[in-house]
Structure formats: C-alpha cells, structure tokens
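Here the structure is a predicted model, which means the values were calculated and not measured. Computed over heavy atoms, backbone and side chain alike; hydrogens, waters and symmetry mates excluded. Throughout, a chain's letter reflects where its sequence line sits, starting with A, and its residues are numbered from 1.
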2 protein chains.
Amino acid sequence: MSGSNGVAKEVVASKKVSRRKGDLYSAQCPSRGVLDHVTSRWGVLVLILLLDGTHRFSELRHKVEGMSEKMLAQTLQALEADGFVLRKAYAVIPPKVEYSLTAMGREVTERVKMLATWIEQNLPRVAQARAKLGRE
Amino acid sequence: MSGSNGVAKEVVASKKVSRRKGDLYSAQCPSRGVLDHVTSRWGVLVLILLLDGTHRFSELRHKVEGMSEKMLAQTLQALEADGFVLRKAYAVIPPKVEYSLTAMGREVTERVKMLATWIEQNLPRVAQARAKLGRE
DNA sequence: AGTGTAGCTTACTTCAAGGTATGTACTTAC
DNA sequence: GTAAGTACATACCTTGAAGTAAGCTACACT
C-alpha cells in the first residue's frame, strides 16, 4: 500500500486534503469503497461464480443460497459501476440478461478467490485455534 | 415477523450439509464468518498494519484514523479468536499489550494485502470505468 | 381473460454494526 | 488531590445494510 510511493509530498499545500501516508488508512479514500464492494458478503460469491463464465440473473440468484433479488441486483450494479462486471441485456420477452466479468473483473476476482480458497482450505486450523482459545 | 426466514427451511433438509464444490455458497458455512472478519472494514487495515510487525493497542488506534477504541478492541478480539492475531499482555501499570500476527495470520494477510494492493494500484482504471458508465 | 415469466424497482421494516460517552484499576507526575 | 495515561468494558443510541413483499413490463401460452 504505502510502498508504491513516498509519504505525503505535494499534498501539504491544499486545505483539508489528507496528509496521509497510505491512503488506505484515510477514511475518505476511494479504495475503501471498491474494497467494500469486492469483499462484500454477496460480492465475493457473485464474483467467484462469474469466474466460471457468463451467468444469467436467475442463475446467480438460484446458486447463491439466501440472497434476495434485491441484493443481487444491487450487488451486480455496484460491480458493474466499478467496471468489474459486464451486463448484456437482450431485448426479448421475457427479459434475458447475461452477466460476465470484464478483464479487470477477472484480475480482482482471482485475488479474491485466492483469499476465499485459503480460508476454506484452512478452516480446520481456524476451528482448532478457536477451540484452543475458548478453553484458556 | 410472520416468516422467520426462508433460508432456515432449506437448511434443515439435509444432514450431509454441503455437497457443493465450495460450501461458501451455503448460508451456514463457517467460512463466511471468517471471511467477514478478515475483510471487514477495520479488519483489513489492522491486519495489514500488523504485517509490518508488533504493535501496541494505542499505536493501532492512532494509525487507523477514525476507528473507535471499541471497534479496535472488537476487531482484535475477533481476529484473535480466529487465531490470526496474537495478544501479549504485560502485567505492568499502565497496561501494556502487544499485538502481532500468528503464522496463520500472516498467510491470510498476505492474500488480503495482495487484493488491497491491486485495488489501490488499479484505482485509476476503476475511476475510468465509472466515468464511462456514468455517461451512457 | 387470466396466468406465468425474467429482471428488475420501490416501499416498508428490521436488526446489527458501529459511534459516543462513560467507567475502571492502577500508577506516576504535578 | 487531581489530572493524565493505558487497555479495555459497558450502556445507550444512531445509522445503514439487508430482508420482505409487492408492483411493473410485455409477450406467450391456455
């Protein structure tokens, strides 16, 4: 994060602008919003599903257990707005809409998936740690 | 109020819980809880800070601007319970407590950081996508 | 005529995350 | 004696994220 470039340089001149080192630690950093979308409860699941390929709205809704239509629509819109998801609507009745990942979307999702996969695979270790700490 | 929730019904049916590829898509999967802790608003920041090395409570609080003491304590406890963070308290006055990552914590955090770094570095692309979609 | 369908939108409600404010235990410094 | 520092706990309250439910479109089927 703060590694890419130096500490605050020219920022000093401005008024209320953040004098932060890494902007991740400043509350009004836009990275935070994107991170929130990508790591949101439903966002993670939708993204990883789309890594397999194009899916229709109803397919996604059916696959992700417990997600309401409202949340699916909302999640997809946020991810589309960020340029991670591509929406392709066909002018037919009943409606048909296909969702897929953009190139950018695939890049983030790969990283998201790495994280998710690690957690799934290491869940036993976490459970063990939990049990151990619970005893003490 | 009338309908407690629709999810519960589906869950009851199967004893052999998840025969899915990843149980991430089933609502009651413990992976989600861990994922939520790790990718939570404050969790991400605390973890990445701890990747640099041991920090005291007050140091963390000071570095992550906008985080209340309550949230810091809560976040640290969740991460400690999951076995990602090690808490070391010294019996001195005034109190001194040091927090660091466990081996497991370092593994997850590296993945979290990869994701966070990607987002920070590709923020311009996201902004561009946002502007483009906004026009249409 | 009525029903179903896919992909939403909108209105209403609920619940928990998170903010604020305070207390505590103990010591050192003023 | 009182203020300040440290690492919390606890109670209270606000905000917003997410659930529920209904409506909408426009055609095709019965």
Next item on the list: Would you mind reading off the distance between B:Leu72 atom CG and D:dT6 atom C1', rounded to a whole angstrom?
Entry: 13 Å

Note to self: Whole angstroms only, please: what is the CZ-C1' distance between B:Arg41 and D:dT15?
What the structure shows: 11 Å

Check: With a non-hydrogen cut-off below 4.0 angstrom, is B:Arg61 in contact with a base, only sugar-phosphate, or nothing?
Finding: nothing

Note to self: A quick test of your reading: do over 12 heavy atoms of other residues, nucleotides or ligands sit less than 6.0 Å from NZ of A:Lys96?
What the structure shows: yes

Note to self: Does B:Gln128, at its CD atom, have more than 12 non-hydrogen atoms belonging to other residues, nucleotides or ligands within less than 6.0 Å?
What the structure shows: no

Notebook entry, point to check: Looking at OH of B:Tyr99 and CD of B:Glu80, how far apart are the two atoms once the value is rounded to the nearest 0.5 Å?
Noted result: 6.5 Å

Check: Does some side-chain heavy atom of A:Leu45 sit less than 4.5 Å from a side-chain heavy atom of B:Arg32?
Finding: yes

Notebook entry, point to check: To the nearest angstrom, how far is A:Leu45 atom CG from D:dA18 atom C1'?
Noted result: 15 Å

Item checked: Any donor-acceptor N/O pair, A:Thr109 side chain to A:Arg106 backbone, under 3.5 Å -> no

Margin query: Within the 4.0 Å limit for protein heavy atoms, which parts of nucleotides 5-12 of chain C are touched? Write it as a string from 5' to 3', B for base, S for sugar-phosphate only, - for none.
Written below: BBSBS-B-

Margin query: Checking B:Val46 against B:Leu72 for the side chain to side chain contact (heavy atoms under 4.5 Å, CB included) test, could you report, in this order, the C-alpha distance in whole Å, the side-chain angles of both residues, the deciding distance, and whether it holds?
Written below: CA-CA 8 Å; B:Val46 169; B:Leu72 178 54; 4.1 Å; yes

Next item on the list: Please determine if B:Arg111 forms a cation-pi arrangement with B:Trp118, meaning its NZ or CZ atom is less than 6.0 Å from the six-membered ring centre and no more than 45° off the ring axis.
Entry: no

Item checked: Pair assignment for DNA chain C - dot-bracket with | for other-strand partners, Watson-Crick or G-U under 3.5 Å -> ||||||||||||||||||||||||||||||

Next item on the list: Round to a whole Å and report the spacing from CE of A:Met71 to C1' of C:dT14.
Entry: 13 Å

Note to self: What is the separation between atom CE on A:Met67 and atom P on D:dA17, rounded to the nearest whole Å?
What the structure shows: 17 Å

Next item on the list: Establish, with yes or no, whether the OP1 or OP2 oxygen of D:dG19 is under 4.0 angstrom from a side-chain nitrogen or oxygen of A:Ser68.
Entry: yes

Margin query: Closer than 3.5 angstrom, by distance alone: can the side chain of B:Thr102 be matched with the main-chain N or O of B:Gly83 as a donor-acceptor pair?
Written below: yes

